Number of protein chains: 2
Amino acid sequence: MSAAKTEKFTTEETELADIAKALAHPARVKILKILSNKNICMCGDIVNLLPLAQATVSQHLKELKRVGFIQGEIEGPKTCYCLNNTFLAKAEDSLIKYFNKIKKGKNSSCKTKKR
Amino acid sequence: MSAAKTEKFTTEETELADIAKALAHPARVKILKILSNKNICMCGDIVNLLPLAQATVSQHLKELKRVGFIQGEIEGPKTCYCLNNTFLAKAEDSLIKYFNKIKKGKNSSCKTKKR
DNA sequence: TTCATTTATCGTATATTTACGATGAACGAT
DNA sequence: ATCGTTCATCGTAAATATACGATAAATGAA
């Protein structure tokens, strides 16, 4: 995101980009899928299902948590992660609204000499 | 994405991450919105609507083109960009299906001691 | 208390992204 | 042919992201 000069874009644009950024790595895409299987939530279990070191997985979990996709609950020395369904619904809604917006103007030009 | 070790994740995971990556910057989010306004498609016009240098905008356009969101048509010395509506529909569909998948298991645990 | 387990964080290396000025290629106009 | 316009690409700097080993913090168990 570089400096991402937040002031230079609208909040809507920045927030949508942030949601997309959380999903912009296959490991994080997979983590959310794993967490949607009710029975899996321990960090260690997630690590075992990914081709990445524990520290790296922890880093990805942190990013997902930062954006809001997941929450973590401490259970003794372990941490149980779970999806934040409220945020999930919000994120999906934002994406769908965005797609609806950009689909509206049905500009079907660009038929020739495609680069 | 680093090496992104494509082999380590499924095609589905990698493709969804790629779609998300294209939307993971506010400038690209904005570019697609701009292009959805039928009357704007010239690269120069897009540059004028963004707080970024021409070279940078061209780079963002290249990324959007790489993933498939847009196409470019050469018109003399100018280039007219437009949305790829087919891809747009496909991308939205992929995202919606993904969200439906991870929403399915309604794991509403994680109520206490949230980190 | 001491040990083993689990996970976050630190330090760090490498890769990628973002940004911009400069340059080059393509083309219309003169 | 030359000039001006438009845009892609090159070179490069700086910021982020990704990955991992090592370590620290927390806690249950012995």
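Lettering follows sequence order; numbering is per chain, from 1. Here the structure is a predicted model, which is why all the values come from computation and not from measurement.
Partner of A:Leu49 under the side chain to side chain contact (heavy atoms under 4.5 Å, CB included) criterion, out of A:Ile34, A:Asn37, A:Ile31: A:Ile34 alone.
Contact annotation: A:Ser58 side-chain N/O to C:dT7 OP1/OP2 distance is not under 4.0 Å. Proximity of A:Lys21 to the phosphate of D:dT16: no side-chain N or O atom is located under 4.0 Å from OP1 or OP2. For C:dT17, the OP1/OP2 oxygens have no side-chain nitrogen or oxygen of B:His60 closer than 4.0 Å. Residue A:Thr56 has a polar side-chain atom (N or O) positioned under 4.0 Å from OP1 or OP2 of D:dC20.
A salt bridge links A:Glu12 with A:Lys101: the closest approach of a Lys/Arg side-chain nitrogen to an acidic carboxylate oxygen falls below 4.0 angstrom. Here A:Lys78 does not pair with A:Glu75 in a salt bridge; the nearest charged N to carboxylate O distance is not below 4.0 Å.
Residues A:Ala27 and B:Val57 each lie close to DNA chain D; by heavy-atom proximity, the contact nearer the 5' end of the strand is made by B:Val57.
Among the heavy atoms of the strands, none lies under 4.0 Å from B:Glu63. B:Ala53 comes within contact range of the sugar-phosphate backbone alone, with a heavy-atom separation under 4.0 Å but no base atom that close.
Residues A:Ala27 and A:Leu52 come closest through the heavy atom pair CB-CD1, 3.7 Å.
Of the candidates C:dT18, D:dC7, C:dT6, the closest approach to any side-chain atom of B:Lys78 belongs to D:dC7.
Side-chain to base pairing of B:Gln54 with D:dA8: one donor and one acceptor N or O lie within less than 3.5 Å of each other.
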